[in-house]
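These notes are about the structure you will find just below.
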Amino acid sequence: MVVAIAPWSIALQPGEKEAFVPHGDIQIKNAALSDVLADENGRTTIKFTYPSLAVDTDEDEDDEDDDKSYADTVTTVLCSLTPGKIEQASCEIIIEQDVEYVFELVGKNPVYLYGNYIDQEPLDQPPMGSDMDSDDDSEDEDAYNLAEVSSDVEIEVDADEADLEDAGRFEELEDEEMHEAESAETNEKKSLKRPRESDTAETEETKLSKSQRKKLAKKLKAESGNAAPPPTEEKPAGDAKKEEKKPKKDKKETNEKEGETKAKDSDNKQSRVIEGGVKVRDVKIGTGKMAKKGDKVSVRYIGKLTNGTVFDKNTKGTPFTFTLGAGDVIKGWDIGIAGMQINGEREVTVPPSMGYGKRKMQDIPANSTLVFEVKLLSLK
């Protein structure tokens with residue numbers, strides 16, 4: 001991330017080569033004609049000479065300091081200015097400290113370059129410009145206040161795995177409901193049957209004396225030869241089939257409702273790839289207008305590597321505030337946060353080309369893919 005430290009400017013005179021060795025990294029923002037013109041119609045061109053950089057890309061070397069060797073110089077044209085037509089131009093280039101550069105004007109009018117001294121690898125603050133907490137993990141967890149951020153933001157879970165877990169949970173609920181329905185049906189059938197006559201007799205016999213039980217036994221024996229067995233009450237076959245089909249109907253309705261819920265959750269959590277390979281996943285949709293280029297936004301965030309290591313975060317104190325699309329942050333943020341609404345939560349995955357590229361930034365290795373969990377607090 002580029003952090004502006006102090007303003008910088010230089011005046012270039014026609015016909016003179018200006019050799020310049022900066023004392024710190026500088027971001028040149030703009031070139032403009034002088035207020036006093038020597039030629040009101042002529043064009044003035046700014047030529048820029050810089051050393052060609054050859055970088056050793058051997059991946060076997062793990063040295064933290066990048067070895068740089070400069071070969072031949074390269075001359076290019078920054079811009080051409082013409083009074084009354086183009087009197088200033090945006091440059092947006094960065095020159096490094098302790099390296100010699102040469103500026104040369106072709107034309108008759110003086111030109112001013114201006115920009116900022118910058119810090120590309122701040123040592124006293126984290127890459128995103130927030131305060132890196134040095135407290136232990138337990139204190140960080142207690143201080144994490146993102147207005148009840150959902151579990152999807154606190155713990156990175158793959159959308160497909162979450163869907164599988166939800167499906168398994170729904171199947172378990174479905175099995176429990178089937179089991180309860182079958183148990184209820186069995187109990188109902190049992191309650192509709194008359195008790196066996198022998199069971200009734202045994203109950204009555206326990207209340208009779210010994211002589212009474214003998215008389216009752218003789219009576220039952222005599223009646224058993226002539227009396228037909230009492231009819232048992234059975235439910236009609238049609239009713240039994242209806243009750244057997246009832247749990248299946250409930251199961252179908254349950255599956256439909258669960259399918260709608262899963263589809264809705266899947267839409268909210270679906271990842272999509274946007275400009276520059278940046279991948280976003282809306283965990284929670286906010287309300288109000290959407291953040292766009294030029295808006296001043298305030299956010300809370302947690303920055304992780306793909307292995308889950310947290311390298312930066314802003315979860316308490318003053319929110320991190322910046323102007324969207326102004327180059328205040330890495331390109332992946334300008335692209336990934338655009339379109340968010342207030343109180344919305346989004347997971348933004350930034351490829352190296354939209355992050356820090358080949359540069360090593362404190363705890364961030366070179367060529368790292370970065371994962372940010374972001375909550376938009378306000379925008380102006």
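Across all non-hydrogen atoms, the minimal contact from Pro14 to Gly107 is CB-O, 3.1 Å. Scanning all heavy atoms of the two residues, the minimum distance from Ile274 to Val280 falls at CD1-CG1, 3.9 Å. Closest heavy-atom contact between Asp363 and Leu305: O-CD1, 4.0 Å. Glu40 and Pro83 make their closest contact through O-CB, 3.3 Å (heavy atoms, listed as atom of the first residue, atom of the second, distance). Between Leu370 and Ile330, the shortest heavy-atom distance links the atoms CD1-CD1, 4.4 Å. Residues Pro351 and Thr369 approach most closely at CA-OG1, 4.3 Å, considering heavy atoms.
No chain of hydrophobic side-chain contacts below 4.5 Å, direct or via other Ile, Leu, Val, Met, Phe, Trp or Tyr residues, connects Val273 to Val348. Residues Ile10 and Val102 do not share a hydrophobic cluster, clusters being chains of Ile/Leu/Val/Met/Phe/Trp/Tyr side chains in contact below 4.5 Å. Hydrophobic cluster membership is shared by Ile5 and Val99, with clusters built from Ile, Leu, Val, Met, Phe, Trp and Tyr side chains linked at under 4.5 angstrom. The hydrophobic clustering, which links ILVMFWY residues whose side-chain heavy atoms are closer than 4.5 Å, places Val74 and Leu78 together. In terms of hydrophobic clustering, with Ile, Leu, Val, Met, Phe, Trp and Tyr side chains grouped at heavy-atom distances under 4.5 Å, Ile86 and Ile28 are assigned to a common cluster.
With a 4.5 Å cut-off on side-chain heavy atoms, Tyr50 and Ile95 do not count as touching. Considering only heavy atoms from C-beta on, Pro319 comes within 4.5 Å of Arg300 through its side chain. Between Phe372 and Val350 there is a side-chain heavy-atom pair separated by less than 4.5 Å. Phe322 has its side chain out of reach of Ser298: every pair of non-hydrogen atoms, C-beta onward, lies at least 4.5 Å apart. Looking only at side-chain heavy atoms (C-beta outward), Asp334 and Leu324 come within less than 4.5 Å of each other. Lys304 places a side-chain heavy atom less than 4.5 Å from the side chain of Ile302. Contact annotation: the side chain of Ile342 approaches that of Leu379 to within less than 4.5 Å [non-hydrogen atoms, C-beta and beyond]. Side-chain contact between Trp8 and Ile118 is absent, with no heavy-atom pair separated by less than 4.5 Å.
Between the side chains of Tyr301 and Asp312, at least one donor N or O sits under 3.5 Å from an acceptor N or O. No side-chain donor from either of Thr49 and Thr73 sits under 3.5 Å from a side-chain acceptor of the other.
Put simply, the side chain of Arg346 gets close to the backbone of Gly336: a donor and an acceptor are under 3.5 Å apart. Although no hydrogens or angles enter the test, the distance criterion places a donor-acceptor pair under 3.5 Å between the side chain of Lys360 and the main chain of Gln362. In this structure, the side chain of Asn307 engages the main chain of Thr309 through a donor-acceptor pair within 3.5 Å. Remark: side-chain polar atoms of Tyr101 are paired, donor with acceptor, to backbone N or O of Glu96 under 3.5 angstrom.
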If you apply the rule side chain to side chain contact (heavy atoms under 4.5 Å, CB included), what do you find for Leu33 with Val111, and how did you get there?
CA-CA 5 Å; Leu33 289 173; Val111 174; 4.1 Å; yes

Could you go step by step and tell me if Val106 and Lys47 meet the side chain to side chain contact (heavy atoms under 4.5 Å, CB included) rule?
CA-CA 7 Å; Val106 178; Lys47 298 176 72 175; 3.5 Å; yes

List the steps, then state whether side chain to side chain contact (heavy atoms under 4.5 Å, CB included) holds for Leu12 with Ile46.
CA-CA 9 Å; Leu12 304 179; Ile46 306 172; 4.1 Å; yes

Side chain to side chain contact (heavy atoms under 4.5 Å, CB included) for Glu92 and Gln27? Distances and angles first, verdict last.
CA-CA 7 Å; Glu92 296 294 342; Gln27 184 177 31; 3.5 Å; yes

Report the C-alpha separation of Lys313 and Glu373 in whole Å, then their side-chain angles, then the decisive distance to 0.1 Å, and conclude whether the salt bridge (charged side-chain N to carboxylate O under 4.0 Å, His left out) test is met.
CA-CA 9 Å; Lys313 62 181 165 182; Glu373 298 164 1; over 6 Å; no

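Annotation: Tyr112 is not in aromatic contact with Tyr114 [ring centroid separation under 6.0 Å not met].
By the neighbour-count criterion of 12 heavy atoms within 6.0 Å, atom CD of Gln13 is densely surrounded, having more than that number from other residues, nucleotides or ligands. Other residues, nucleotides and ligands contribute more than 12 heavy atoms inside 6.0 Å of the CZ atom of Phe20.
Of the inter-residue distances, the one linking Lys29 atom NZ with Ser90 atom OG reads 7.0 Å to the nearest 0.5 angstrom. Interatomic distance, Leu377 CG to Met340 CE, rounded to the nearest 0.5 Å: 9.0 Å. Interatomic distance, CG of Asn41 versus CG of Asn109, reported as 9.5 Å (0.5 Å rounding). Atom CG in Leu81 sits 11.5 Å away from atom OG in Ser34 (nearest 0.5 Å). Note: Lys289 NZ to Gln341 CD = 11.5 Å, rounded to the nearest 0.5 Å. In this structure, CG on Asn343 lies 5.0 Å from NZ on Lys375, to the nearest 0.5 angstrom.
For Phe103, the ring-ring contact (aromatic ring centres under 6.0 Å, His included) partners are Phe48, not counting sequence neighbours. With sequence neighbours excluded, the residues satisfying side-chain hydrogen bond (donor to acceptor under 3.5 Å, both in side chains) with Gln88 are Asn30.
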